Amino acid sequence: ISERTTIGNTEPIIVSGVGLVYGLAGTGSSPPPGGWRTMLEQGLKKSKDPSVRESLDSPGRTTSLVLVTAVIPPGARKDDPIDVQISLPDDSKTTSLRGGILFPCELTTFDTTGNIKSLVHEGRPAGPGGDLLLGDVWAVAGGPVLAGSYVPTNGQPARVETDADGNPLCKDGRIWGGAKVTRSRPYYVLLNPGSQSPQMAATLAERLNSTFHASAEPRLKVAEAKNRELILANVPLAYRNNHHRFLLVARQVPLLPPAP
């Protein structure tokens with residue numbers, strides 16, 4: 001199969017969203033008017049609990065607007081857990097996210113109108129400019145936030161910023177496995193120009209399905225021919241922790257079944 005195809009869709013996808021952290025011990029802040037607050041309010045409209053939206057301006061400073069970021073790896077399956085990065089906007093007055101819990105929020109792809117225009121007219125990406133455009137929802141994040149940066153640097157503990165009283169200012173955090181992927185992201189098996197045909201795509205998909213028949217979802221095939229040049233390849237359950245090995249083995253499958 002490696003002589004007839006190449007592998008695509010192997011780059012990670014960065015997704016982000018605007019979320020609400022609640023349960024803070026008086027270290028939060030009300031989000032100022034602007035684009036981030038507007039996006040947060042739009043996201044909270046999906047909640048059936050009206051008290052959530054009212055807590056944005058809590059006098060006890062128990063909530064904070066946060067920016068949520070995650071990476072969708074290639075070959076991800078629906079409901080796979082991924083890690084989440086939590087940070088504060090530059091104009092936030094929140095001093096610590098310690099003890100906070102992220103209210104469920106959607107993570108989407110994004111781009112800017114300036115970058116899209118540059119890709120269309122010049123064929124290359126540009127710096128951020130223009131209006132922000134949101135894409136598809138790829139994950140939903142939520143859960144307790146592990147606040148603070150304590151990752152060692154060159155064998156030394158990371159420096160923690162403190163306030164005037166010596167209390168740590170935990171302005172970022174993580175939620176390990178705190179988001180679930182909402183859709184599968186298969187690899188692309190792309191047929192080379194000299195091998196593109198509906199029959200060849202169907203043959204290659206059948207060879208992969210007959211070789212890898214152990215899937216996490218019984219209805220989901222390992223390989224599915226979409227057209228004359230594209231086959232979608234889902235990672236079997238046995239290879240879920242070693243995608244590189246799956247792709248290596250898949251590309252060595254003989255085009256024709258071995259003789260008895």
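Only heavy atoms go into these numbers, but all of them, side chains included; no hydrogens, no water, no symmetry mates. A quick note: this is a predicted structure, and the numbers were derived from the prediction, not measured.
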Check: Between S96 and T27, is any side-chain donor less than 3.5 angstrom from a side-chain acceptor?
Finding: no
Notebook entry, point to check: salt bridge (Lys or Arg N to Asp or Glu O under 4.0 Å): which pairs involve residues 32-43, sequence neighbours left out?
Noted result: R37-E41, R37-D57
Margin query: So, using salt bridge (charged side-chain N to carboxylate O under 4.0 Å, His left out) as the criterion, who are the partners of D79 when residues are at least two apart?
Written below: none
Note to self: For a 4.5 angstrom cut-off between non-hydrogen side-chain atoms, does D172 reach Q85?
What the structure shows: yes
Notebook entry, point to check: For P73, which residues count as a side-chain contact (heavy atoms from CB on, under 4.5 Å) partner, sequence neighbours excluded?
Noted result: A76, I82
Notebook entry, point to check: Is there a side-chain contact between L255 and M200, using heavy atoms and a 4.5 Å cut-off?
Noted result: yes
Checklist line | Rounded distance (nearest 0.5 Å) linking atom OG1 of T69 with atom CG of D83 | finding: 12.5 Å
Check: Do L204 and V253 have side chains that get closer than 4.5 Å, going by heavy atoms?
Finding: no
Note to self: Once side-chain contact (heavy atoms from CB on, under 4.5 Å) is applied, do any residues pair with K93, and if so which ones, sequence neighbours excluded?
What the structure shows: S29
Next item on the list: Mind listing the closest non-hydrogen atom pair of G100 and V21 along with its distance?
Entry: CA-CG1, 3.6 Å
Check: If you look only at pairs with a residue in residues 245-260, which of them pass as a side chain to side chain donor-acceptor pair (under 3.5 Å), with sequence neighbours excluded?
Finding: none
Next item on the list: Could I get the full list of side-chain contact (heavy atoms from CB on, under 4.5 Å) partners for N209, not counting sequence neighbours?
Entry: K221, V222, A223
Item checked: Over all atoms of both residues, closest heavy-atom pair of P74 and H243 -> O-ND1, 3.4 Å
Item checked: Residues forming a salt bridge (charged side-chain N to carboxylate O under 4.0 Å, His left out) with R228, sequence neighbours excluded -> none
Item checked: Donor-acceptor contact below 3.5 Å, side chain S210 vs main chain R207 -> yes
Check: Any side-chain heavy atom of L190 sitting closer than 4.5 Å to one from T5?
Finding: no
Note to self: I'd like to check the ring-ring contact (aromatic ring centres under 6.0 Å, His included) partners of F246; sequence neighbours left out, ordered by chain and number.
What the structure shows: F212, Y239
Which atom pairs, donor and acceptor, lie under 3.5 Å between side-chain atoms of residues 101-108 and protein residues at least two apart or in another chain?
from	atom 1	to	atom 2	distance (Å)
E106	OE1	K46	NZ	2.8
E106	OE2	K46	NZ	3.2

Check: When you check the gap from the basic side-chain N to the acidic O, do R183 and D136 get nearer than 4.0 Å?
Finding: yes
Margin query: Has S92 got a side-chain atom pairing as donor or acceptor with L88's backbone, closer than 3.5 angstrom?
Written below: no
Check: Who pairs with N227 by side-chain contact (heavy atoms from CB on, under 4.5 Å), at least two apart in sequence or on another chain?
Finding: E229, L230
Which donor-acceptor pairs under 3.5 Å do the side chains of residues 7-18 make with protein atoms, sequence neighbours left out?
from	atom 1	to	atom 2	distance (Å)
N9	OD1	R185	NE	3.4
N9	OD1	R185	NH2	3.1
N9	ND2	P186	O	2.8

Next item on the list: Please list, chain by chain and in numerical order, all residues satisfying side chain to side chain donor-acceptor pair (under 3.5 Å) with S195, sequence neighbours excluded.
Entry: none
